[in-house]
Amino acid sequence: MNRQEAAIKAREMLSRMTTEEKVAQMIQIPYAQEGREASLRWAKLGVGSFLHVLGDDAREIQAAAAESRLGIPVLFGIDAIHGHGLNEHATIFPSQLAAACGWEPEILREMGEVTAREVATDGLHWTFSPVLCLGRDTRWGRVDETFGEDPYLAGELGAAIVEGYQGKDLADGEHILACAKHFLGYGEAVGARDACDSEITARKIREVFLPPFRRAVEAGCATFMTAYGSADGTPFTAHRGVLKDMLRGDLGFSGFVVTDWNNTDSLMANQHVAADIGEASAMAAHAGNDMIMATPAFYEAMLQALREGRADIADVDEAVVHILTIKYEMGLFDRAEKLGRPGCIGCEAHRQAALRAARASVTLLRNDGMLPLSDGVKRVAVIGPNADDIRAQYGDWTYFTHPLPIPGRPAIRPYVTVKEGIEALCAEKGVECEYVKGCGVLPEADDDIDAAVRAAKTADAVILVVGDMIDQFGEYKDRANLELSGRQPELFARLKETGVPVCTVLVASKPLCLGDAAERANAVLCAFNGGMYGGQAVAEALFGALNPSGRLPITFPRHSGQLPVYYNQLPGWHGGKYCDLPAEPLFAFGEGIGYTGFEMKGFAFSPEDMTLRLTVANTGERAGTQTVQVYFRDMVSSVMTPVKRLIAFRRVALEPGEAKEVAIPLRREDFALVNAAGERVVEPGAFQLMVGASSKDTDLTVLPFELT
Ligand code: BGC
């Protein structure tokens with residue numbers, strides 16, 4: 001059933017519903033918080049949705065909903081953020097940030113498809129993914145959930161995963177609803193403090209934060225989630241201008257909007273723009289929130305507000321039609337339970353997809369020739385807190401963490417940590433391998449740096465795996481200081497003193513200020529949270545079985561005090577630097593190297609045919625993949641525009657010695673800006689294209705041109 005037909009059915013159903021049934025339809029109940037008994041009562045009352053419930057519990061709720069007067073099926077939502085990770089048998093992909101390092105939409109599409117199939121097989125319908133917030137102030141605790149700092153890259157990867165989740169037919173039993181979140185500006189909260197006000201203007205919203213969400217709508221994303229925060233004094237939950245005018249009006253969105261967790265109550269309790277829960281409920285509904293997540297009090301409060309004339313039934317009707325439309329479109333009225341493919345959860349084919357994504361995510365940032373480890377390496381010392389820590393490797397939103405952490409829960413196989421990956425390859429190659437943890441991410445009683453140094457001294461190569469741990473990222477866990485924590489810097493320094501080459505591997509939720517562990521390391525490899533096979537992919541890269549091709553989707557600062565360091569800043573003067581630190585980041589957006597060399601040449605671009613042409617050559621001795629990055633600058637414009645902005649990229653796979661001609665079509669509207677009146681326009685005049693291997697000026701070739 002297409003959306004128009006579904007909307008007709010939804011309106012028919014609406015005409016049969018009582019006010020109580022309509023308000024109930026807007027509610028989403030958190031199963032674990034409410035408990036089984038209360039949840040069953042809510043289901044019989046006819047609530048629209050539940051979240052965080054799996055398998056048999058979901059089936060029981062669905063059966064209870066069938067007993068409600070109208071028998072409207074329940075929609076089940078879950079945070080399947082990088083795989084259906086709350087199910088402990090599911091396939092665990094790299095985090096969004098790690099997956100973004102591949103700059104490969106196909107990887108994200110596959111991640112979406114696999115995740116959808118596993119979620120559907122659990123009888124569920126909907127994932128609260130993707131996150132399209134930008135990771136620009138990396139002190140924020142949820143940077144791992146983003147696609148990095150760039151609006152264009154986030155939009156392309158976001159659109160791909162949405163298409164993967166939703167497929168072509170939401171009713172085919174294998175696809176699920178995607179949810180673009182958090183709308184809007186959540187990642188930009190002041191001081192990077194979660195759920196605080198975002199210092200963003202209407203123009204900046206349109207220029208920087210809206211584009212990835214626009215792409216999600218173009219990709220057909222069926223649901224949106226409202227952000228916790230506020231802008232210019234208006235909580236997004238109460239922001240009709242954003243939720244109605246911008247989302248439905250300008251972007252043409254026709255799905256439904258869910259609040260984030262307890263946003264409605266927060267209008268009263270935290271943001272103080274409503275005096276009581278009745279006012280907050282009316283406000284949330286009027287602003288354009290269709291479904292109310294985790295505020296069960298909305299039910300009584302909204303009914304009361306309607307009786308008192310403080311709320312408008314038209315807002316309720318509209319919300320219910322939006323929700324029911326999607327339920328019809330998904331075919332829930334014909335078959336409430338999603339079927340998926342029995343046996344597919346964590347199956348071999350799905351795990352292979354996780355391995356592909358992990359391989360694509362590995363990003364080599366520095367290499368003095370230490371890597372790939374040569375045949376001369378007969379003994380490897382694997383050291384560091386995150387070398388053998390599957391929780392750190394999985395990152396957030398898995399069964400270890402969110403939202404129902406069970407302390408001490410054992411890890412479920414299969415997975416491969418970095419240590420295990422290295423051990424497996426060492427065994428194949430007859431190389432000796434010794435593992436010593438050395439120290440924790442945070443100081444631990446059994447830290448033993450001396451033992452790590454002893455292991456290093458007898459080795460030909462040291463692989464030091466540093467990073468962060470779940471206490472340092474996620475919701476409520478923003479960091480003021482991004483330096484390597486605990487005794488990790490000391491561990492690096494002591495290992496370096498041995499004179500044995502050290503490769504630093506970063507298994508972390510986000511860019512950390514690595515200091516010497518990057519600047520003085522012989523090689524630096526970034527893995528972020530690589531998922532179940534992250535460790536295998538790292539090991540393959542270390543030994544050269546994999547030629548790393550990741551590129552950073554986010555900038556690494558040298559120091560937390562440099563933040564923000566995202567590449568697409570507005571131009572400044574007075575040097576734009578600090579008197580005690582350079583302005584340059586540690587590693588730039590787009591950076592990444594491999595084991596072969598590339599050359600780009602023969603650039604040609606004319607605005608007449610709007611196609612950029614160039615030749616990319618592999619000048620080295622190994623097959624590899626280069627990512628051509630295309631940036632532009634508007635040289636004179638009515639408002640200030642960034643020094644460069646990504647508008648296209650293309651991955652090019654090349655055999656040794658091979659050269660390929662590449663044609664990258666661009667569109668005139670790619671060169672648009674948002675003017676002072678908030679309109680997206682292309683202003684004629686001088687422009688520059690900048691084409692190359694990263695966002696660094698030294699990696700870019702400049703092609704000036706004019707638009708008339
Ligand atoms: C998070 C959302 C998430 C929701 C449901 C909230 O706290 O901000 O991203 O989808 O909880 O778990």
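Position 1 is the first residue of the sequence, and the numbers go up from there. Nothing here was measured: the structure is a model prediction, and the numbers come from that model. Note that ligands are numbered from 1 as they come in the structure, with each ligand's atoms numbered from 1 the same way.
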* Asked: What residue pairs, at least two apart or across chains, pass side-chain hydrogen bond (donor to acceptor under 3.5 Å, both in side chains) with a residue in residues 150-164?
  -> Arg109-Glu163, Asp150-Tyr567, Glu156-Arg215

* Structure fact -> Interatomic distance, CZ@Phe298 vs CE@Met291, rounded to 0.5 Å, equals 11.0 Å

* Just one of Phe236, Phe224, Tyr228 clears the ring-ring contact (aromatic ring centres under 6.0 Å, His included) bar with Phe183, so which one? ->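 Among Phe236, Phe224, Tyr228, the one meeting ring-ring contact (aromatic ring centres under 6.0 Å, His included) with Phe183 is Phe224.
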
* Location of contacts on Leu51 toward ligand 1, heavy atoms closer than 4.0 Å -> side chain

* Where does Arg142 meet ligand 1, judged by heavy-atom distances below 4.0 Å: at the side chain, the backbone, both, or neither? -> side chain

Do [X] and ligand 1 have an N or O pair less than 3.5 Å apart?
{"X": "Trp261", "result": "no"}
{"X": "Lys181", "result": "yes"}
{"X": "Glu145", "result": "no"}
{"X": "Glu475", "result": "yes"}

* Please identify which atoms of ligand 1 are closer than 4.0 Å to at least one heavy atom of Phe128. =>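 That gives atoms 10 (O) of ligand 1.
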
* Within a distance under 4.0 Å of any heavy atom of Asp260, pick out the atoms of ligand 1 and give their elements. =>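 The list of qualifying atoms is 1 (C), 2 (C), 3 (C), 4 (C), 6 (C), 7 (O), 8 (O), 11 (O).
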
* With Arg117 as reference, evaluate His175, Glu174, His84 under the side-chain hydrogen bond (donor to acceptor under 3.5 Å, both in side chains) test and give the passing residue. => Glu174

* Asked: Does ligand 1 have an atom that lies less than 4.0 angstrom from a heavy atom of Tyr476?
  -> no

* To do: Verify ring-ring contact (aromatic ring centres under 6.0 Å, His included) between Tyr31 and His52, making sure each step is shown before the conclusion.
  => CA-CA 6 Å; Tyr31 182 83; His52 298 162; over 10 Å; no

Would you list the atom pairs, donor with acceptor, under 3.5 Å between side chains in residues 279-286 and any protein atom, with sequence neighbours excluded?
residue, atom, partner, partner atom, Å
Glu279, OE1, Ala275, N, 2.7
Ser281, OG, Ile277, O, 2.7
His286, ND1, Asp315, OD1, 3.3
His286, ND1, Asp315, OD2, 3.0

* So, Asn289 and Asn263: side-chain donor and acceptor under 3.5 Å apart, yes or no? ->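 No, because no side-chain N or O of Asn289 sits under 3.5 Å from a partner of the opposite role on Asn263.
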
